[in-house]
Student: 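There's a structure below that I have some questions on.
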Amino acid sequence: MAQTGRSWDAIVVGGGHNGLVAAAYLAKGGLSTLVLERRERVGGIADTHELKPGVRVPAVAHTVGRLRPSVVRDLALRSHGLHLIAPEVRVFAPAPDGSAITLYDDIQRTADGLRARSGQDAASYAGFDRLVRSLGRFLAELGGAAPPDINAPSFGDALTGLKLTRSFRGLGKHDGRSILRVLPMAIADFVAESFETDALRGILAARGIQNTAMGPWSAGTTAVFLADSAGNDGGAAGQTVYARGGPGALSAALAAAVRAAGGEIRTDADVVKVTSRDGRATGVVLGSGEEITARVVVAGIDPKKVLTRLVDPVVVGPGLRWRAANIRTPGTVAKVNLALSGLPVFPAAGAGPDGERLLRGRIVIAPGIDYVERAFDASKYGGISAAPYLEATIPSLVDPTLVDDPKSGARRPARHVMSIHLQYAPYHLAEGTWPARRDELGDLAIQTLEQYAPGIGKLVVARQVLTPLDLERDYGLTGGHPYHAEPSLDSFFLWRPLLGSARYRLPVEGLYLAGSGAHPGGGVTGIPGQNAAREILSDWKKRRR
Amino acid sequence: MARTYDAVIIGGGHNGLVSAAYLARAGLSTLVLEKRELLGGAAVTEEIFPGFRFSVASYVVSLLRPEIIRELDLPAHGLDILPLDGTFTPLQGDYLWRVNDHGRTIRELRRWSKLDAEAYEEYGQLMVEMARFIKPILSIVPPDPTGFDPRQFTPLAGLARSFQRLPEKQQAVFVQLMTMSAADFLAQWFETDPLMATMSASGIIGTYQGVKSPGTAYVLLHHYMGEIDGAFRAWGIPRGGTGGVSNAIGNAARAQGAEIRLEAPVARIMTRDGRAVGVALESGEEIYAHHVLSSVDSRLTYLGLLEPGSLEPEFEDEVRRFKFRGSSGKVNLAVDGLPDFSCLPGEGDHLRGAISYSASIEDMERAYDDAKYGHWSRRPYIDMIIPTLVDPSMAPPGKHVISCFVQYAPYHLDPALGSWDDNREAFGDAVIDRIAEVAPNIRDIILHRQVLTPLDIERRFGLTEGNIFQGELSLEQLFFNRPMPGYARFKTPIRDLWLCGSATHPGGGIMGANGRIAAMEVLRATGRKVA
């Protein structure tokens with residue numbers, strides 16, 4: 001093995017958004033930091049894909065509104081080119097009968113719109129939004145701190161505990177009791193406590209099952225729903241925030257922040273091994289055979305891969321290896337991205353500028369609890385949902401740069417792009433293989449949308465389909481799981497990803513976890529990366545003392 | 001003027017009787033009021049067909065707390081638990097048969113998978129450790145996390161310390177038990193489908209959840225604890241049916257001086273100035289007491305027995321929010337022969353334990369899928385017991401009774417199906433069809449058939465929505481949330497009114513823990529020496 005070059009203070013394995021966030025904080029903290037990214041560009045699933053020349057589309061994630069505001073501020077991401085766009089429409093949910101429910105950033109406006117269907121739902125909406133924000137605020141506090149070490153609590157843990165206790169008290173008796181009651185609840189039950197309209201329940205509940213292998217009747221999906229609103233402006237409707245230039249623009253801004261702080265980034269650098277000596281991480285080995293040493297190794301990739309494939313099994317030990325191998329990564333999400341020759345017409349939205357404005361939010365196809373639950377049922381037995389849950393966005397409506405091709409000056413290759421999150425498409429198929437069934441998913445997404453936007457199929461000029469297997473192969477997500485590990489109750493807080501390894505420190509000294517597999521979990525938040533960097537820097541100072 | 005009792009207890013089910021026995025033992029004048037003509041609530045033996053006696057509802061004992069058996073000296077009052085040996089899972093052309101003889105079970109498992117046979121030992125030991133750790137939780141009063149009184153957290157601090165002492169792997173497994181689905185939990189050890197399906201079945205009994213639903217691993221443990229208590233001889237079927245348990249507890253209560261009145265249905269709880277002062281019977285008779293304990297479920301107690309307006313509307317909303325969703329039915333058969341399984345023909349020891357119709361995880365889960373959309377399972381999961389093989393006194397000579405616990409039978413049917421009264425026989429037929437798949441002679445041996453739907457269970461036993469646990473054992477309805485946040489300490493918003501049934505911590509099953517802790521709390525409130 002070739003040993004080359006200098007030794008680093010910190011190597012970050014995986015240049016996804018959390019890896020970049022961690023690297024930027026570490027570099028700012030004075031550590032010489034190197035990011036190693038397997039793909040040809042950084043960003044992981046916060047990626048913009050060029051569907052055809054001059055046509056760019058969010059590859060996997062399509063909104064970035066969960067990004068923690070302090071990350072944006074600390075890393076000066078706006079000055080590194082991040083521009084966020086938040087349309088006033090959060091969700092547009094057409095029904096098969098041509099009606100629609102629209103959720104706006106304005107609570108009153110949303111409630112007014114609900115009144116035609118149900119006076120009770122309209123009356124409940126503001127209270128529901130308040131409860132979601134209150135509980136989400138508490139979860140954000142929980143998410144912003146490293147979970148305590150329960151076996152040997154330190155002074156810092158005690159302080160965190162006190163702070164959390166104070167936040168918990170701050171919820172008051174009602175919300176305090178609520179959060180302990182609702183976290184393990186099924187989202188179908190949670191939304192039913194406030195709303196009677198099945199269509200409204202369905203679109204709200206969809207956020208509780210997004211990116212999971214659970215249905216709305218699965219216990220713990222309320223926690224997923226609330227986490228989605230934690231620390232952002234989501235509230236009941238959820239956030240809908242785009243990065244200009246697609247999610248890849250966020251990654252580019254993060255990369256710029258890393259470099260500005262003195263960090264280095266290498267792409268096409270596939271880490272195949274984390275080296276260690278005497279139980280201490282010493283560096284990494286690349287697929288090329290090149291060995292790079294570092295005092296600290298930070299994994300932005302998923303914990304199952306780190307512990308079962310990168311670290312020497314002898315170092316991990318059989319007990320932990322068994323537990324790591326059992327980290328559940330049941331991917332259920334597929335992406336279908338379309339280049340369109342024109343804007344699809346949703347009769348439920350109406351034509352003209354007003355109709356067009358409605359399509360700026362997330363277009364959610366989840367017309368009822370049973371609809372979503374049945375979509376989930378198929379996946380339990382290795383089948384693709386016959387009628388899937390979809391969340392589609394048309395980011396080109398608010399960000400024309402995605403379809404502008406200023407250089408050619410010729411006819412635009414596409415007028416719009418559409419990014420479709422499709423669920424459920426289980427990683428483990430009962431029949432056939434994903435490469436053979438990939439196109440089925442593209443057809444399924446379009447057929448499903450045809451019921452709400454007739455003629456959309458004729459507008460498609462190019463398409464990209466990412467199956468869960470593609471998410472694993474192209475993006476390195478074990479099991480194709482966008483959240484690195486299922487965000488279920490058995491992988492939460494003190495036990496995400498594993499009890500005893502929830503504090504960003506993996507059981508090899510100097511090896512850390514900074515990705516979505518760590519507390520508080522997945523989504524484009526930057527929080528695991530930020531928390532991990534804080535813990536790493538704190539350990540670093542202690543060692544220096 | 002009638003006398004005033006120290007305590008009057010609504011409902012002569014096993015928990016009400018346990019409370020009565022402990023209160024009387026502490027010297028309180030205690031009266032139990034039972035609606036029906038016999039004791040036991042859902043733990044009851046009845047002669048449904050001439051000569052055939054059935055444990056009509058609850059049919060096995062696995063969880064009855066050993067300290068209750070000891071402290072109330074139940075064997076002296078007639079409790080005799082007969083061991084049930086093993087679990088037999090009939091399949092098409094094969095079977096899986098686990099017995100109490102560990103060596104035989106391992107040999108049987110090795111026939112299916114060497115890895116599973118090895119894992120079974122490790123798993124079994126781990127679950128013993130888990131049960132040992134969690135058992136203290138069954139006898140503590142849940143704290144109110146939003147309360148400020150630090151003393152209520154003392155029992156939890158003890159638990160936290162013993163948690164810290166567990167090896168990390170056991171800590172992790174405990175967390176998984178509290179959060180995972182039974183199927184996911186078991187898949188960490190096993191690969192044999194019928195084994196995982198049969199083991200996971202105890203994770204869904206009495207719940208409106210599937211084996212893949214998060215939270216069912218907890219119910220698995222809830223039921224597993226009884227099996228581990230085997231050493232205490234508390235697992236099996238009571239001689240004379242489950243009514244035998246209730247009668248033994250009733251006898252113990254009477255021996256302590258408690259009075260028990262049958263056919264004394266309570267119409268309402270009388271309150272004065274926000275405190276309970278007694279009960280009025282349907283006959284109009286009024287009975288006064290310093291404490292009123294209700295062993296019926298929370299919805300019945302709060303919304304059915306209290307005068308409207310006794311409680312805050314917000315509180316009543318929370319009562320309504322507590323989920324019942326009965327999901328199981330019971331089919332009781334009187335037969336003049338034994339079922340003959342194609343995979344293992346003839347009579348034999350395989351008929352003397354539980355017979356589990358749980359061929360695969362997918363079968364179990366699809367049975368739940370039907371129920372999710374308001375249909376009873378077309379191919380249900382069945383837990384079958386033939387008590388007469390262990391206790392021949394239950395039927396005339398040469399004849400048998402068969403008890404079939406069936407899931408899923410959702411209380412709320414899809415309106416398109418009609419009511420449960422319209423579906424009872426079709427549901428019963430589905431059960432017989434499922435049995436006939438593996439025991440084709442079943443139709444020929446049936447003399448009588450009783451089908452109990454969740455609606456029947458509600459009508460007959462007063463269990464809201466037919467839920468056998470007086471409320472779903474889902475995660476958000478356990479411990480300090482059972483039966484509702486802020487009121488999990490057996491007290492109610494009405495002074496001197498207490499809950500003591502399965503609706504309270506630690507939940508359902510013939511456990512008796514609820515009745516015992518409730519009695520302790522009442523005694524503590526009266527300043528008496530506890531036990």
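Letters go in sequence order (proteins before strands), and every chain restarts at 1.
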Student: Heavy-atom distances under 4.5 Å only: say whether Phe168(A) touches chain B with side chain, backbone, both or neither.
Tutor: side chain
Student: If I measure from the heavy atoms of chain B, does Arg169(A) come under 4.5 Å with its side chain, its backbone, both, or neither?
Tutor: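 Just the side chain, heavy atoms under 4.5 Å.
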Student: Does the ring center of Phe190(B) lie less than 6.0 Å from the ring center of Tyr123(B)?
Tutor: yes
Student: Using a heavy-atom distance cut-off of less than 4.5 Å, which residues of residues 495-506 of chain A contact chain B?
Tutor: Trp495(A), Leu499(A), Gly500(A)
Student: So Phe479(B) and Ile137(B), side chain to side chain contact (heavy atoms under 4.5 Å, CB included) or not? Walk me through it.
Tutor: CA-CA 9 Å; Phe479(B) 205 49; Ile137(B) 297 179; 3.9 Å; yes
Student: Name the region of Ser488(A), side chain, backbone, both or neither, that has any atom closer than 4.5 Å to a heavy atom of chain B.
Tutor: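 Neither part, no heavy atoms under 4.5 Å.
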Student: Tell me every residue that passes salt bridge (charged side-chain N to carboxylate O under 4.0 Å, His left out) with Arg177(A), counting only those two or more places apart in sequence or in another chain.
Tutor: Asp144(B)
Student: Measure Arg181(A) against the heavy atoms of chain B and call it side chain, backbone, both or neither at under 4.5 Å.
Tutor: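 Both parts, backbone and side chain.
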Student: Which one of Glu373(A), Arg323(A), Arg374(A) has the most heavy-atom pairs closer than 4.5 Å to chain B?
Tutor: Arg374(A)
Student: Does anything in residues 208-216 of chain B get under 4.5 Å of chain A by heavy atoms, and if so which residues?
Tutor: Lys212(B), Pro214(B)
Student: Any residues in residues 172-179 of chain B near chain A, with a heavy-atom distance under 4.5 Å, and which are they?
Tutor: Ala172(B), Val175(B), Thr179(B)
Student: Does NZ or CZ of Arg165(B) come closer than 6.0 Å to the centre of the six-membered ring of Phe133(B), within 45° of the ring's axis?
Tutor: no
